[in-house]
Amino acid sequence: MTRRALIERIRRLIYGEQPQDNASITPNLVNQWINDAIGVVVKNNWYESIKLDGVAYINNSFYSTFSDITITSNGINLYSLTLPTLPIGIGKNEGVAAVELYDANGVSSFPLIPLSINQVGYSRSLMPIPNKILYWYENTTMYIKSTLPLNLFTANIRMISGSNSTSLDSELNVPADYVPQIIEYVTKYLMTERATPQDLSNDGRDNSVKQ
Amino acid sequence: MPSEEFELMFNTSQLEYLNYLLGGFQQYAPNHPQARVEIGSTEQLRQRLMPLHKYATLSISSGVANYPNDFQQVDSMERTSTLSPIRYVQQHYLGAYYNSVIDEVDDNPIYLITSTGFRFYPTSLTSARLAYFGTPPDIFWNFTVDGNGRRVYNPVGSIDPVWYDTDIMDIVARMLLKIGVSLQAADIQRYANEIKTQGQ
């Protein structure tokens, strides 16, 4: 199901019919709420996996692989790249599942080793792990420590992503059993917006709450 | 009744009828801006107004386009290329809509109404398709004068009403009210009884 299809379902649910041209709950607004709802259902999947299997993991359906990400130098033996989306706040750093580097011939490295922020500081005093490259991310910037010239490589990143949030025609990366949770989350807040009294008078005062 | 008076009565009555179908705002209740009868309520109401429904491609210059000459009420406003809607915005919402980061105005244009026409944002918009209800044409009973000085109907140059027949009846009823003719069954019956008892 594409984002656009889900957005239409939600809008028709909220308006009880096809929304009019002047509907204030626009597709772009619903899309913003869907991004939040995806984070919520990912977390629910995380908790349910602990309950069911005793092990915390996120179902494969939520993951996407982003390819050919450019790496730039960010100092001595430090490189950075921009993540395609802000990682979900699952665990310490489980929002990013795997990072691999590719050279110009398409040969890939082993997956890089993730660090949590607590580990970044004291890892500097540790002996380098042979043939392993360390990384961590802050917000949407990923930092990679290496003595190799990584700016000659590109990165492939596998991470939790609800699909391309900037394209309403992208397929939603959410399994069918979690779509109702997304709909429930989004409609709860949008119905609040719809039910709030409107300020119909143009008199310089904010009358809506008092009406 | 001379034809000029008939035409005047009919033309004012049809404008009243148009106002009634569009939704007289005098019927609004506080916090409930909806008339008992107004355009959009049902398909049947829309059908009554269809003889006045028109399309116009607006030429927009620096974000401004004039009203069509016979413009009465907007039905819808769309982009000419994609037919995606151009939303109507009231003046005190302009800042919120114009500066929205979720529905950026470049991809989600808006318009306001002014004294002389429409104002569009973004101002780079060059055209828009307007669907609107126009002013009904004034009817005119054209005639020639025969040898006896009587007026004889001449279809050439006459302007017929554009309404459906059922709506013409409603307009005529309004005309008769203006003249003072009562169509209430009780009044007609009382008058008939007076004629019977008291004579003409």
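What you are looking at is a predicted structure, and each value in this text was computed from that prediction instead of being measured. What's counted below: heavy atoms across the whole structure, side chains too, no hydrogens, waters or symmetry copies. The sequence lines fix the lettering, A, B, ..., with proteins before strands; numbering per chain opens at 1.
- Side-chain atoms of A:S49 come within 3.5 Å of backbone N or O of A:Y57 as a donor-acceptor pair.
- Because its NZ or CZ atom is not both nearer than 6.0 Å to the ring centre of B:Y93 and within 45° of the ring axis, B:R87 does not count as a cation-pi partner of that residue.
- A salt bridge is absent between A:R4 and A:E8; no separation between the charged side-chain nitrogens and carboxylate oxygens falls under 4.0 Å.
- Contacts between residues 95-106 of chain B and chain A, defined by a heavy-atom separation under 4.5 Å, are made by B:I102, B:D103.
- The closest side-chain heavy-atom distance from A:R194 to A:S24 is not below 4.5 Å.
- For B:K178 and B:E5, the salt-bridge test fails: no basic side-chain N is under 4.0 Å from an acidic carboxylate O.
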Check the pair A:Y135, A:Y143 against ring pair (Phe, Tyr, Trp, His ring centres under 6.0 Å), reporting the backbone distance first and the verdict last. CA-CA 5 Å; A:Y135 77 89; A:Y143 298 96; over 10 Å; no
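- Proximity to chain A (any heavy atom under 4.5 Å) is restricted, for B:N108, to the side chain, taken from C-beta onward.
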